[in-house]
Structures are given as structure tokens and as C-alpha cells.
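Values below: all heavy atoms of this structure, side chains included; hydrogens, waters and symmetry mates excluded. Order of the sequence lines sets the chain letters (A, B, ...), proteins ahead of strands, with each chain counted from 1. Keep in mind that what you see is a predicted model, and the values were worked out from it rather than measured.
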Amino acid sequence: MEKWENNRAWFLVLPVFIIVAFSAIIPLMTVVNYSIQDIWGPGQRVFVGAEWFEEMLANERLHDALWRQFLFSGLVLLIEIPLGILIALAMPKRGWGVSAALVTLAIPLLIPWNVIGTIWIIFTRPDIGLFGVTINSLGVAFDHTARPADAWITTMAMEVWHWTPLVVLLAYAGLRAIPEAYYQAAKIDGASAWATFRYIQLPKMRGVLTIAVLLRWMDSFLIYAEPFALTGGGPGNSTTFLSIYLVKIATGQFDLGPASAFSLIYFLIILLFSFMFYQALLNVGKGEKA
Amino acid sequence: MKIRKRTIGLCIYFFLLMIPIYWMLNMSLRSNADILNAFAIYPSDLTFKNYIKGFTDHTWYSGYINSRIYVSMNTVISLLFALPAAYAFSRYKFLGDGQMFFWLLTNRMAPPAVFLLPYFQFYSTMNMIDTHIAVALAHCLFNVPLAVWILEGFMSGIPKEIDETAFIDGYSFPRFFVTIFIPLIRAGVGVTAFFCFMFSWVELLFARTLTVTEAKPIVATMTRTISATGLDWGLMAAAGILTIVPGALVIWFVRNHLAKGFALGRV
Amino acid sequence: MAQIELHKVAHSYLDHPESKADYALKHIHETWEDGGAYALLGPSGCGKTTLLNIISGLLTPSQGEVRYDGKAVTSLPPEKRNIAQVFQFPVLYDTMSVFNNLAFPLRNRGINEGEVKKRVLEVAEILDLTPFLEKRAAGLAADAKQKISLGRGLVRKDVAAILFDEPLTVIDPQLKWDLRRKLKEINEQLKLTFIYVTHDQVEALTFADRVMVMYEGELVQSGTPQELFEHPDHKFVGYFIGSPGMNFLPVTIEGNTALADAISIPLDNKTAQLGQKAEGKLELGIRPMYLEVHAESVDSGVRAAVTSVEDQGSFKIVTVRLAGNILRAKISEDQTIPQGKVWLRFPIQWTKLFADERMVK
């Protein structure tokens, strides 16, 4: 769409800019400040420059946590996005089914995250939990507190269960926003269901799917409460994702300097990849030709 | 009603979705000892103790009310600020627009713990600790960018020609925006409202840090269920069930906006 | 080729319609002959889009039958009928090039690539789209996009009728004229039936050979633009067509004259007789163009008071008051009108009588 060129549009954006800048820039400056100093206590600080950054970047355990995190977030996207789209396509468009479906989808999203982790602990226990008992009765020796693979499966199951509805809701709203005339024209043109999906629905959902991908990427990369409540990062370090590791350092050592440096690195990684996703999705639309 | 493959698939998905919820319900109706000792698909020893605690203990139900207050505040503020900004991003080209748009989203990318101390210091200085508005404003950090992004996406799906036709027909901008434009993007507004509500509702860190007693939300109260005997599983489960209700209401209210699309041609 | 017939069609959007008001379309019984350029004209909400969707098959009517060349197609979906539809907003496949957009309907029907290429190039030529074929469809201007929409209908050899739902709504005013002319050319060249829905009478009257006027779900009159202008069957047609619309004056009949309050306006004998027998509210109608305004008293003239004179360039609009009613007259730019009092003359052949909004016949 050709946009109108007008710098006075800034007035419409100004309130948002102010409120977010106020919320973000000042604290961020504080973090940058801390990240370059060594702080033992109030008033006792020494400028150390890039020392914390070097230390963090060389940290083996940080690398491990980082890889685990990439694997986790990658799996999240691979599962949740297609699944979410599929469900959204299957959802009813009219009638009482719409309300029922929407409310059902919303429920997992509304539960506080630490509660989710807590409930799933019991849920997956092989002795007293529905999931654990069922799996074990099928002959599979499942124990997420003992085996890393099981811990991963459980964490992924919890994550997909919890967050796919977000993708579904976004995709569904996006689908509903497509004017009926497009479907009518497709009918007249004799398009099959797959062609309708590929040439009308998917392109028109690009906006919401971009949001869904970015949101799930960011939020899964930052994930803390749910996996921590479920596995505590274990067994061993197998489910210690990046933010769990960060909190371990920050609370364990109570060292503001390294923790701040870590936070900044963390932030930059997310930023970099989000930017890449964003550009990629933006250009998918622009680049496609015959 | 025709039973198609997709309806069956959908029902299976919803069934799977509800199983952990059912389990939570199950737990909420049992005592802790019961939960930890025996596996039971349905509670054989039904008790409402957990719910009674939730309804009678002052900290619990006031927590409920507090949450509703600041979450509603935040949803309204976020929507109000985001709508004009999203319109600007969607319709106008201006200096720094692309960068600004992406920058907004970056505010959701930093670990929230990073902002904790500065926020606490700021609100302390302003004597706003333990107020609803403090939490509502703090949540704007992540909700406003989200709202702008989602709304912009939906707005860009409406051809600019509709705006132009309205202006030619003599509509003033506010009248056009409220009577024509917003109804067209109602699916987007509905989904944005729900997400703002949801993210604010479940947020724990800021809500707990910035409040003491007056504005203490339910999420914070729930983390206090660790007692000498360990986690109060049953109570937590009951609280979990109860926290679903307001959000379910919100989505039920916006369901029509979500499901109705955009009909070609102005009314 | 297609002769389209709507046989006693009525449609309601409600499951259980009770009264006449519940019906979006009340009683449509009409035939569109092969190859004609037709317009469906009416105000917003009169049911024209509903009617169009019933013809194209996007909507199944609650009652009645749709026939193509005598064969009932009422339950056939749109892709099985030989029609194409152009919508109010350009409806394109954004991710495809112009070529692929035009080729899409053919490829879906399994036509071989060689044939596809031939047809697409032909149609692109007709629509002046050849230089844009490799470009992304989404990047073009609104008028080009609508041409692509039209093109998707033209590429199909089996298409017999093309339906247009207010297609020029988003086009720039300067380009509207060009596009309209192009549509007319194509209609004459390819001899396809074109049914064009609009609320703009200028569009309808300049494009179509036959115009069908719709009002509140009914087809009130169908005829050539000239017929509709000179002999409106329904008050609505008189009012809607022409700018400004027809003047109406409540009257009673006495002998050979119509009386508005105490003022006599002559009628021709036949009209007067019909008027005497007619029932219901009687109104006199005359088009501003035919209403004569004189500075001095004339034979069978009536006195009226001038309220305003507007100079519209090549003509003037005089607004007068007569017996408590406002009337307008369209006069040439040279004619001068005095302030205050004038004499109006109602030429008998252009003075019509309406009973309960229908012309007396």
C-alpha cells in the first residue's frame, strides 16, 4: 500500500513513544551502567570496562545454556506455528461453536505461569499424576526427574499446550479479517482448497504470522517460570535454559555486574534474531514474483 | 451438522487441551495429603476447603479484585495509546518510521528482571508503590508495543482507499476513525484487548515488586502458598481455576469482534 | 452464450421470514438477453448486490429459479456457471505477477500451458496490460488492478456473462471515464453479457443499453435510459434519475386539470381521465428540464415565487415555491429570471400523474 508521506504523523506516535521510552530507556541505561562496573555493595564500585562481557562470552556453561535455548525455541516455532495455523483453519466461523472454541483456547493462556509449572509437576509424576500414570501404564518407563530426554519431552509438551492457543487466536483473527470477496473470487476462478490457502489465506495472514513468530520466539527465548517450576533446570543442567541460568548466577552470586552484562548479551541475541525474522518475513511478501 | 475430518481433529485438540485443566480442577477439590499420596482420576474424597479459603481469606479475594483493577486499567491505556500510533505506522511514511516500529518491539525482548530495580526506584521516588496505576503503567512496557504491532497488522489489511473515500465524503478524522475504521478492524481490536489483558493478568515480577498490600494482585498471593509443609498444591490449583474466570469473560465479550471479519464496502 | 433469466426469485437473509419487510429481494422476474450491456441501478441497500450474487451463484435464493439459456442453474456453484464477477475493491492474488493472476482461472481448470499463454496475452492486449505482465499485481494502481480482475473473467473461453459490483468505487475520477469507455468497448467487441450494478445514475445511463432500477428489493422499471428519463413508471425512478430529480406536487383532479390548492395545472385528456379513476395519493410530476419559467404571464401559466437561482455554468437551476411546495426548473444559461414572481408553464406532454407512487396508466 502506498503510504501518505507526512512527518506530522509523529504526533500520533508520540504518546506511545513517550510511555515506552520512559519505561525502557532509563532502566536500560541503568543496566548498561551496572554491566561495566564491579559492585560489592552500595557505594562500592569500580569501573571494569568490558571485563564482564569477556568473562560471560567465554563462559562454557553459558554456551551450553545458549544452545539448549536455541534448540528449545527452534522446536517451539517448528511445532506451534504450523499447528496453530491448522487449528485456526479448522475453527468454526459462526454459531455457538465460536464462543466455545475461543473460551477453550483462552483458558491455558490465563493461568499464571508458575501455577502451570506446579500443576504439571503433579500431572507428570509417574505415581500420582494423570499423564505420568497413563504413560507408564502403556509400558513406557517415563520419569522426567531422572532422564533428560523425558524432561525435554515434558517441558515441550507443557510449552506447546500452554502457548499454541496464542498462535491459534492470532491466526484465527487474521483469517476472519479476510474479506469474503476474496473467497468468492477464488470460487469463481475454480481454485482448490489448497490453492485458496496458498494464494489467499497464507499471504493475507503474513501480518499476524509475523507477530506470532516474533512473539513466540521472544517469549520462548526468555522463558523462565514454567520450566523452572517443572524441572528446576534439571535433571542436572539438561533443561537449564538461558534465563534460568541467568537467575542462577544473579541470585547465587548476587553479582550485579556480570548479571547485567549477561542481560545485555541476552537482549542483543534476541534482538539480532528477531530482526532477522522480521526482515525475512517482510521480504517474503516483497520478493515473490511469477 | 456435517461431521468433517477437521471438526473431529479440532475436537481431539480441544480434548487434549482440557486434560491438564481437568487435572487442575481435580487437584483443587482434594486435600494436599490426598493429592500427594494417591493417584485418582476423579476425587473420591471431595473437598471444597481450597475454594473456601480462596473466597474467605481477605488477601485472596482482594488480590483477585486488585488484579482486575490494574489489568483493566492497563488494557484501556494500552489500546488508547496504541490505536493512533498503529494508524500512523500503517498509513504514513515519516522520518524513522521503520526503526521506531521495530524499536517498539525490542522493549519486549529484554529479560524483565532487568527493569525491576530501576522501576522500583522510580515508583518509590514518586510515592506510587502499592498503587494500581503503577502496575498498570509498568505493564505498558510490553503491552503497548504488542498492541501497536497487532493493530498495525490489521489496519494494513484495510485498503487506504476507504479512508480516502470517507474524507472525500466529508467525514472528519475522529468520526471516520470511530464509526468506520474501528468496526473494520474489530477482529484486531478484539485480539489485542485479550492479549493485553492476558499478559498483564499473568505477569508476576512487576506486580509483586511494585505492590505491598493495598494493590497486591492474586498472582503474588499465589506464590505465597509455600508453607512449612511444602507447596499448598490444592490451594494453588483452586486459585488457578479461579484466575481463569475473568479472562474467560474477556474473551467471551470480544468473541464477536474476533469472529466477524470485514465486509467489503462501507455500510 | 447466455440468456439469464430470474424466475420469480425472492430472497430473505432470515431463516423464517414473516413479512414482506424481511425480504431483501421481493419479486424479481426478469430476463437479461445475450450480449447486452445492462445496468442495475439503485440506492444503497436496495438489494442490487444480493441480486448480483444470486445471478453469479454466490448466493442461493430462498425462492425462485435462476436459468441460463433456459436451463435451471439455481443450485450450481459459481465455478460451474459461465460467469465472472468484478468486485467493488480490486480482488487479486497479491503474491502473483499479473500474468499469473490472469492465468490462474485457466490453470485451475487444467488447460495446457500453451493455450494459457495464448489467452493471457490476448486478454492483456485488449486491456492494455501487456507492459505489466511480469510485474507484481499488488504494486499496480487501482484501475489496473480492476482491469486484472476483469481479465480473469475474460480469459476463460466459457465465460458468457460478466457481473460488476460497483467496480469503479475506488478509481480516481479522471480514470473512471476511461475505464467505463473500455468496458463498453469490450462489451461490444466480445459480445458478452455485462451486468453492471451501481448507485451512480450517470454511470448506469452512459454505460448501459438497458437500465433496471431497483428500489427496496423490487425492480421498479426496466428500459433504455431515454425511456426511464421520459416515462418513469415509478416516482422513485423519476426522483432518482436526472439531476436534479423530478418535481412532485400533491394534486387532486377536477375535470381536465390538476389542482394544487387553488392553482390549476392543465393535463391532457387521457391522463386526466385516468387520474379521475385512480385511487390513492395523487401527485403530479414534471422534470426540471421541461418545466418552463417565464418572466411574464403566459397562457395557462401559474404564478410562483422565486427562492433562488443557481448558475451551474451551462445551465441554471431556478428554485420556486408553488402552493407550499418547492419545485426546480432547469433553464438555459442565457435566460434571465426576475426576482420575486415568475410564471410557470407545464407542457402537457411532459406532465405526468402518479397515484401511490406509480404512474397512472
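- The contact list for residues 185-197 of chain A toward chain C, using heavy atoms and a distance under 4.5 Å, reads A:Ala185, A:Ala186, A:Lys187, A:Ile188, A:Asp189, A:Gly190, A:Ala191, A:Ala195 by residue number.
- For A:Phe277, the ring pair (Phe, Tyr, Trp, His ring centres under 6.0 Å) partners are A:Trp217, not counting sequence neighbours.
- Ring-centre distance between C:Phe87 and C:Phe164: not below the 6.0 Å cut-off.
- Residue C:Leu106 does not touch chain A at all, counting heavy-atom pairs closer than 4.5 Å.
- Taking the six-membered ring for Trp and the full ring otherwise, the centers of A:Trp113 and A:Tyr224 sit at least 6.0 Å from each other.
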Going by atom type alone, with no hydrogens or angles, which donor-acceptor pairs under 3.5 Å involve a side-chain atom of residues 113-120 of chain C and a protein atom two or more places apart or on another chain?
from     : atom 1 : to       : atom 2 : distance (Å)
C:Glu113 : OE1    : C:Arg107 : NH2    : 3.4
C:Glu113 : OE2    : C:Arg107 : NE     : 2.9
C:Arg119 : NE     : C:Val155 : O      : 2.9
C:Arg119 : NH1    : C:Glu122 : OE1    : 3.0
C:Arg119 : NH2    : C:Leu154 : O      : 2.8
C:Arg119 : NH2    : C:Val155 : O      : 3.2

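- Counting heavy-atom neighbours within 6.0 Å of C:Gln174 CD, excluding the residue itself, gives a total above 12.
- Remark: C:Ser62 engages C:His11 in a side-chain hydrogen bond (donor to acceptor under 3.5 Å, both in side chains) (not counting sequence neighbours).
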